[in-house]
Protein chains: 2
Amino acid sequence: MGQDDSGIHLDTSLGYLLKEASSVLRVAMEEVLGPLGMSITHYSCLELLAQRPGLSNSDLARGAFVTRQSMNVLLKALERDGYVTRPAAAPVGKALPTELTASGRRSLEEASAAVRSVERRMLAGLTEADQAEALRLLRNMVQSLREPVETV
Amino acid sequence: MGQDDSGIHLDTSLGYLLKEASSVLRVAMEEVLGPLGMSITHYSCLELLAQRPGLSNSDLARGAFVTRQSMNVLLKALERDGYVTRPAAAPVGKALPTELTASGRRSLEEASAAVRSVERRMLAGLTEADQAEALRLLRNMVQSLREPVETV
DNA sequence: AAATGTATGTCAGAATACTGACATGGGTCA
DNA sequence: TGACCCATGTCAGTATTCTGACATACATTT
């Protein structure tokens, strides 16, 4: 099944290829994070907190590209298991600034190394110039999609 | 919250940017497919069948980047609603070749137009050469990640 | 001061995709 | 031929994420 190659423009669609690339990356990351008992969102949350301590639940949701409701579920589990801490009351507004615990930092270390190895593997066939170009192109696409739709 | 910009290498990580791009694309597609009562996987399935009639459930799963179990759930719903047909018995092996019905083709048409408009919007800021380069770079990344890990 | 708008945290329920498991069909190889 | 391996379809249960809704906190506007 599927051995015939009739004319398919899916093979030249950047949208489809983008989905394929993110799917392959997701699988590769789950492959290395799974043995560490960590999901991708779980890892993303810890990495964000390591680089920007004090982010709120909503901040983390935006950074990990999930809804704040989803992040809230994860964050409560991480808090229960002692990887992050949040104050009981908000110092200002309603936002609760979150921070990594020592345990969270330790847990992140090996995950971060594993993820870096995946990214290195993904970029093995690209030159420095290629990578810079990829950054430019992807940023351009993101920006274009984020711009409000023209309702001339 | 989040107004301080301490040193973040997430901003230069291609893995993170790839996830961001696919997330933005996903949201944009859901935005145009939702009003048509269609999910992304739903649309992907119909598009695949339009371009490669006779694909099996497992083929479709691979093409839409989900598990065959997930695709099976969707396919049964599509069959129940009259968008696709599958033979009661497999002509060879266990694979059941699936085909679009007239209703399925009709339903696909407007969805396909909507998705093309999203892709056009995404690529609005890129030249032809840019797009060709993006294809090359993303294909390279996909291939690198698919290669078995070196266990020297 | 009051009204409005925006952002946040959180609860509840629904949708979607996943992992695990099993039986079946077909090919490969000893 | 028989043993083995791989792919497929499918059932069941689990996990993750989403949408909808509500109350609260702050900024902006009137």
Side-chain angles (χ1 to χ4, degrees), chain A residues 1-3 19 22-24 26-31 33-35 37-45 54-81 84-99, chain B residues 1-3 19 22-31 33-45 48 54-81 84-98:
Chain A
M1 197 115 311
Q3 68 276 20
K19 188 173 175 185
S22 75
S23 167
V24 174
R26 179 178 55 81
V27 169
M29 287 186 63
E30 281 169 351
E31 223 161 74
L33 289 176
M38 219 179 275
S39 74
I40 294 181
T41 306
H42 180 149
Y43 157 74
S44 300
C45 179
L55 285 189
S56 70
N57 174 51
S58 290
D59 288 330
L60 291 167
R62 278 187 291 269
F65 312 112
V66 297
T67 62
R68 67 186 195 278
Q69 292 91 331
S70 297
M71 182 55 74
N72 192 274
V73 172
L74 171 63
L75 215 46
K76 285 200 296 190
L78 291 180
E79 193 174 14
R80 167 174 51 80
D81 298 343
V84 306
T85 55
R86 283 195 292 180
V92 55
K94 289 198 72 182
L96 301 174
T98 313
E99 306 223 347
Chain B
M1 197 115 310
Q3 67 276 21
K19 188 173 174 183
S22 75
S23 167
V24 174
L25 176 59
R26 179 178 54 79
V27 169
M29 286 184 63
E30 282 169 351
E31 224 160 72
L33 289 176
L36 303 176
M38 220 179 276
S39 73
I40 295 181
T41 306
H42 180 149
Y43 157 75
S44 300
C45 180
L48 283 162
L55 285 190
S56 69
N57 173 52
S58 290
D59 287 330
L60 291 167
R62 278 186 291 269
F65 311 111
V66 296
T67 62
R68 66 185 195 279
Q69 291 91 331
S70 297
M71 182 54 75
N72 192 273
V73 171
L74 171 63
L75 215 46
K76 285 199 295 189
L78 292 180
E79 192 174 13
R80 166 175 51 81
D81 298 342
V84 306
T85 53
R86 283 194 293 178
V92 56
K94 291 197 71 181
L96 301 173
T98 313

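Convention: sequence-line order gives letters A, B, ...; per-chain numbering from 1.
One finds no side-chain N or O of Arg68(A) lying less than 4.0 angstrom from the OP1 or OP2 phosphate oxygen of dG20(D). In terms of phosphate contacts, Asn72(A) brings a side-chain nitrogen or oxygen within less than 4.0 Å of OP1 or OP2 of dT10(C). For Lys76(B) and dC11(D), the shortest distance from a side-chain N or O to OP1 or OP2 is below 4.0 Å. Proximity of Ser70(B) to the phosphate of dT16(C): no side-chain N or O atom is located under 4.0 Å from OP1 or OP2.
Side-chain proximity of Arg86(B) to dG9(C), dT10(D), dG26(C): nearest is dT10(D). Listed nucleotides dC18(C), dT8(C), dT8(D) differ in distance to Thr67(B); the shortest reach to its side chain belongs to dC18(C). The nucleotide whose nearest atom lies closest to any side-chain atom of Val92(A) is, among dC18(C), dC26(D), dG9(C), dC26(D). Closest contact between the side chain of Leu96(A) and the listed nucleotides dA23(C), dT10(C), dC11(C) involves dT10(C). Among the nucleotides dT16(C), dG9(C), dG9(D), the one closest to any side-chain atom of Ser58(A) is dG9(C). Set against dA17(C), dT10(D), dT8(C), the side chain of Arg62(A) has dT8(C) as its closest nucleotide. Considering only side-chain atoms of Lys94(A), the nucleotide from dT8(C), dA17(C), dT24(C) that sits closest is dT8(C).
The residue among Thr41(A) and Pro91(A) whose nearest nucleotide of DNA chain D is located toward the 5' end is Thr41(A).
Counting distance only, with no hydrogens placed and no angle test, the side-chain atoms of Gln69(A) and the base atoms of dG13(C) include no donor-acceptor pair under 3.5 Å.
Checking side-chain atoms of Asp59(A) against main-chain N and O of Ser56(A) turns up a donor-acceptor pair under 3.5 Å. Ser23(A) places no side-chain N or O within donor-acceptor distance of the main-chain N or O of Lys19(A), the cut-off being under 3.5 Å.
Here Ser39(A) lies out of heavy-atom contact (under 4.0 Å) with every strand.
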* Under the side chain to side chain donor-acceptor pair (under 3.5 Å) criterion, do Ser70(A) and Thr67(A) qualify, and how do the steps go? -> CA-CA 5 Å; Ser70(A) 297; Thr67(A) 62; 3.0 Å; yes
